[in-house]
2 protein chains.
Amino acid sequence: MYICLMEFKEAKNKFVQTWGALGSQWGINKTMAQIHALLMVSHEPVSMEDIMEELQISRGNASMNLRALMDWGIVYKEYKAGERREFFTAEKDLDELAVKISRERSKREIKPALKVLKEVSSIQSDNTEAEKHFVDQTTKLYDFVLKADNVLDKITEYKDNWLAKLVVKIMK
Amino acid sequence: MYICLMEFKEAKNKFVQTWGALGSQWGINKTMAQIHALLMVSHEPVSMEDIMEELQISRGNASMNLRALMDWGIVYKEYKAGERREFFTAEKDLDELAVKISRERSKREIKPALKVLKEVSSIQSDNTEAEKHFVDQTTKLYDFVLKADNVLDKITEYKDNWLAKLVVKIMK
DNA sequence: ATAAACTTTCATTTTTTTTTGAAACTTTAA
DNA sequence: TTAAAGTTTCAAAAAAAAATGAAAGTTTAT
């Protein structure tokens, strides 16, 4: 019994650490990813106090990263009857999670990048080879990124089980 | 004529800066992304000296990031006849670029994450609700990530214009 | 074999990002 | 209205990541 409990805690910790490390590789900060991981595998809503305790982080850190996760729409606040404290839960439906992350990254990163690409590919120049190449390459990039972004948009419409459908289609 | 030249340089610079910033949001360091951007829009192979000059970076920095880009398989060394120096070019085919980046990220990040997910989802526990939930959630996550990774694998087989095909299929 | 031309390495410095924690703020129940 | 319970903010500190540059290492033409 004791052994088993340890094993669970160990596994949980390993998962949280790994998810955190993965987060930083994908441009999301470690703590934010760790909090999300923790909430993902928690059966019940978790209070900020507990998050601080489990991840050994400060109140400010916890607060700011929870806010960020809520801004991304992948963590929710919950209120318990007769409890003053706030509790948090993560979006646990993975399709929904993927959709929300895609949307947010598109809005924050892809759309602004497209704007710049359109802008820089519009300089007029039938001058040097170098300029022609620049315009050509940035135009292609614009088209490519636009298409990729549209794929993401379409995917978000497929909400329900888009991945499985996609796999079926792709695999012929 | 002079005005026009400035506009080109400005546009090029803006593109390089933007691509660099985007890189850091995606877990690639700024200089690496900037070098790649610079090479992408360069008509001719570029020497390390020129890269250092254009991006105002040190020799060591340039060298290390060029090595990293070559390890990713998205930048190539080129030799010019009768020239001692080495020149660099970027993969300019965007489909090919996407394929290589997908492969590399899969190998470096997704595969190791899968390993951990499999491991932690295999703890035995018909004990508490909390443990059941943990096993259930990490198992789902494993399946999801595995599927997503397979989609990427499939995509890499479609090399030629996979994105366009995908768009057509997805859009019905 | 040599030296010129060039590249890589890595300990140190710089920059950037993240975290802390105490003060300010908000909410709620009595 | 008040004070207890809780949350947020933000300037400062700490940690992490990236960049520097000089020394070491290669390569190649003669």
Side-chain angles (χ1 to χ4, degrees), chain A residues 16-39 45-72 75-89 105 108-109, chain B residues 16-39 45-72 75-89 105 108-109:
Chain A
V16 169
Q17 294 305 320
T18 306
W19 215 238
L22 213 63
S24 12
Q25 286 174 308
W26 286 85
I28 287 156
N29 92 44
K30 198 183 67 178
T31 305
M32 191 168 153
Q34 284 183 340
I35 293 176
H36 185 254
L38 181 64
L39 295 179
V46 184
S47 70
M48 200 161 97
E49 212 70 37
D50 290 342
I51 293 170
M52 288 164 56
E53 167 68 24
E54 279 222 55
L55 302 180
Q56 289 293 306
I57 57 173
S58 70
R59 191 170 292 286
N61 197 5
S63 173
M64 282 171 82
N65 282 296
L66 278 167
R67 154 104 1 258
L69 285 163
M70 287 187 293
D71 289 347
W72 276 69
V75 159
Y76 313 109
K77 237 183 210 173
E78 278 193 14
Y79 298 94
K80 279 191 186 172
E83 268 275 19
R84 184 66 181 287
R85 284 178 303 170
E86 295 172 335
F87 292 83
F88 300 89
T89 358
R105 296 205 82 144
R108 291 172 195 230
E109 295 149 26
Chain B
V16 169
Q17 294 306 319
T18 305
W19 215 238
L22 215 62
S24 13
Q25 285 174 311
W26 285 86
I28 288 156
N29 89 47
K30 197 184 66 178
T31 306
M32 192 168 151
Q34 284 182 342
I35 293 176
H36 184 254
L38 181 63
L39 294 179
V46 184
S47 70
M48 200 161 96
E49 213 70 36
D50 290 342
I51 292 169
M52 287 163 56
E53 167 68 23
E54 279 223 53
L55 302 181
Q56 290 291 307
I57 57 173
S58 70
R59 192 169 290 288
N61 196 5
S63 173
M64 282 172 81
N65 282 297
L66 279 167
R67 154 103 3 256
L69 284 163
M70 289 189 292
D71 289 347
W72 276 68
V75 159
Y76 313 109
K77 237 182 212 174
E78 277 193 14
Y79 299 93
K80 278 192 187 172
E83 269 274 19
R84 186 67 181 286
R85 282 179 304 170
E86 295 171 335
F87 292 83
F88 300 88
T89 358
R105 295 205 82 142
R108 290 172 196 230
E109 294 150 26

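Chain naming here is simple, since letters A, B, ... match the order of the sequence lines and numbering starts at 1 in each.
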[atom2] on [Y] to [atom1] on [X], rounded to 0.5 Å:
X: A:Glu54; Y: A:Leu38; atom1: CD; atom2: CG; answer: 5.0 Å
X: B:Lys30; Y: B:Gln17; atom1: NZ; atom2: CD; answer: 7.0 Å
X: A:Ser24; Y: A:Met32; atom1: OG; atom2: CE; answer: 12.0 Å

Could you tell me which non-hydrogen atom of [X] sits nearest to which non-hydrogen atom of [Y], and how far apart they are?
X: A:Phe88; Y: A:Leu39; result: O-CD2, 3.6 Å
X: B:Arg59; Y: B:Met48; result: CG-CE, 3.6 Å
X: A:Ile51; Y: A:Ile35; result: CG2-CG1, 4.0 Å

Got a list of side-chain donor-acceptor pairs under 3.5 Å for residues 62-72 of chain B, not counting sequence neighbours?
{"unit_1": "B:Asn65", "atom_1": "OD1", "unit_2": "B:Asn29", "atom_2": "ND2", "d": "3.1"}
{"unit_1": "B:Asn65", "atom_1": "ND2", "unit_2": "B:Asn61", "atom_2": "O", "d": "3.1"}
{"unit_1": "B:Asn65", "atom_1": "ND2", "unit_2": "B:Asn61", "atom_2": "OD1", "d": "2.6"}

Residues of residues 48-55 of chain A with any non-hydrogen atom less than 4.0 angstrom from an atom of DNA chain D: list those, numerically ordered, please.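 Output list: A:Met48.
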Chain B contact limits on DNA chain C, taken 5' to 3' with a cut-off of 4.0 angstrom to heavy atoms: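 The contact span of chain B on DNA chain C goes from C:dA4 to C:dC10.
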Quick one, B:Trp19 and B:Val16 - any side-chain contact, counting heavy atoms below 4.5 Å?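 No, their side chains stay 4.5 Å or more apart.
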Which residues satisfy the side chain to side chain contact (heavy atoms under 4.5 Å, CB included) test with B:Glu53, sequence neighbours excluded?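 Checked B:Glu53 against side chain to side chain contact (heavy atoms under 4.5 Å, CB included); matches are B:Gln56.
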By side chain to side chain contact (heavy atoms under 4.5 Å, CB included), which residues pair with A:Ala33, not counting sequence neighbours?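 Applying side chain to side chain contact (heavy atoms under 4.5 Å, CB included) to A:Ala33 gives A:Ile28.
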Not counting sequence neighbours, which residues clear salt bridge (charged side-chain N to carboxylate O under 4.0 Å, His left out) with A:Glu78? List them please.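 Result, salt bridge (charged side-chain N to carboxylate O under 4.0 Å, His left out) vs A:Glu78: none returned.
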Quick one: list whatever passes salt bridge (charged side-chain N to carboxylate O under 4.0 Å, His left out) with A:Glu86, sequence neighbours left out.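 Counting only residues at least two positions away or on another chain, A:Glu86 forms a salt bridge (charged side-chain N to carboxylate O under 4.0 Å, His left out) with A:Lys77.
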Protein heavy-atom contacts under 4.0 Å, written 5' to 3' over nucleotides 25-30 of chain D as B (base), S (sugar-phosphate only) or - (none), form the string --BS--
Kindly write out the residues that satisfy side chain to side chain donor-acceptor pair (under 3.5 Å) with B:Ser58, not counting sequence neighbours, or none if the list is empty.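 Counting only residues at least two positions away or on another chain, B:Ser58 forms no side chain to side chain donor-acceptor pair (under 3.5 Å).
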Quick check on the helix from C:dA1-D:dT30 to C:dA30-D:dT1: what's the angle between its two end axes, five base pairs per end, to the nearest 10°?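 Terminal axis comparison yields 20°.
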B:Trp26 six-ring face occupied by A:Arg105 cation (under 6.0 Å, within 45°):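 A:Arg105 over B:Trp26 ring: yes.
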Which residue pairs satisfy the salt bridge (Lys or Arg N to Asp or Glu O under 4.0 Å) criterion with at least one member in residues 17-29 of chain A, sequence neighbours excluded?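 Counting only pairs at least two positions apart or across chains, no salt bridge (Lys or Arg N to Asp or Glu O under 4.0 Å) contact touches residues 17-29 of chain A.
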Show the distances under 3.5 angstrom between N or O atoms of the protein and N or O atoms of nucleotides 17-24 of chain D.
{"unit_1": "D:dA19", "atom_1": "OP1", "unit_2": "B:Thr31", "atom_2": "OG1", "d": "2.3"}
{"unit_1": "D:dA19", "atom_1": "OP2", "unit_2": "B:Thr31", "atom_2": "OG1", "d": "3.1"}
{"unit_1": "D:dA19", "atom_1": "OP2", "unit_2": "B:Asn61", "atom_2": "OD1", "d": "3.2"}
{"unit_1": "D:dA19", "atom_1": "O5'", "unit_2": "B:Asn61", "atom_2": "ND2", "d": "3.4"}
{"unit_1": "D:dT20", "atom_1": "OP2", "unit_2": "B:Ser58", "atom_2": "N", "d": "2.6"}
{"unit_1": "D:dT20", "atom_1": "OP2", "unit_2": "B:Ser58", "atom_2": "OG", "d": "3.0"}
{"unit_1": "D:dT20", "atom_1": "OP2", "unit_2": "B:Asn61", "atom_2": "ND2", "d": "3.2"}

Would you say A:Arg85 reaches D:dA5's phosphate, i.e. side-chain N/O to OP1/OP2 under 4.0 Å?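 Result: no.
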